[in-house]
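Written below as structure tokens is the structure these notes are about.
For the single chain, residues carry numbers from 1 onward in sequence order.
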Amino acid sequence: MPFVAKEVYERLQALAGGPMDANATTIRLAAQSPGKPADGNDRCFGGSGPADPRYPRSWAGIAIGSLVLITEGEEDGWYEAVVVASKPGGEFTLQWRDWPDLPMLLRRRDEMALLHPNAAAAAEA
């Protein structure tokens, strides 16, 4: 909570229905149900609503059509790519999202990065 003048705080407190017991206040994120991750993955909370397969929230969720981050090398940045094919052994064929005319790339699961769990919400906005 940001710092506010005492008078402002007292007015807000009055509008909220009087003084509240600090010990009785519970903080909960509106996007999450308590104790249950949004996508069923017990190691990763985040996002609201059902998981969008285009934005995997776990490594196991990477599938055809998923948007992931990849790089060409240590000197380059990470850019978005779309999974266009899945091969046995955890290898994926990817196409750059912003440069579809460039050649397809082959990457293992451990050579990719996932987007932030709230990327789907940001994309819709």
Trp78, Leu115: one ILVMFWY side-chain cluster at the under-4.5 Å cut-off?
yes
Met104-Trp99 co-clustered via ILVMFWY side chain contacts under 4.5 Å
no
Side chain to side chain contact (heavy atoms under 4.5 Å, CB included) assessment of Trp96 paired with Leu105:
CA-CA 8 Å; Trp96 295 111; Leu105 302 157; 3.3 Å; yes
What are the two closest heavy atoms between [X] and [Y], and how far apart are they?
X     : Y      : result
Phe92 : Arg109 : CZ-NH2, 3.6 Å
Gly61 : Ser66  : O-OG, 3.7 Å
Pro56 : Val68  : CG-CG1, 4.5 Å

Are [X] and [Y] side-chain neighbours, meaning at least one heavy-atom pair lies under 4.5 Å?
X     : Y      : result
Leu69 : Met112 : no
Tyr79 : Asp98  : no
Lys87 : Leu106 : yes

Keeping the roles fixed (side chain from Thr71, backbone from Gly77), state whether a donor-acceptor pair exists under 3.5 Å.
yes
N/O donor-acceptor pair under 3.5 Å between Gln95 side chain and Pro100 backbone:
yes
Test applied, side-chain contact (heavy atoms from CB on, under 4.5 Å); reference residue, Leu67; option that passes from Val83, Leu94, Val82:
Val82
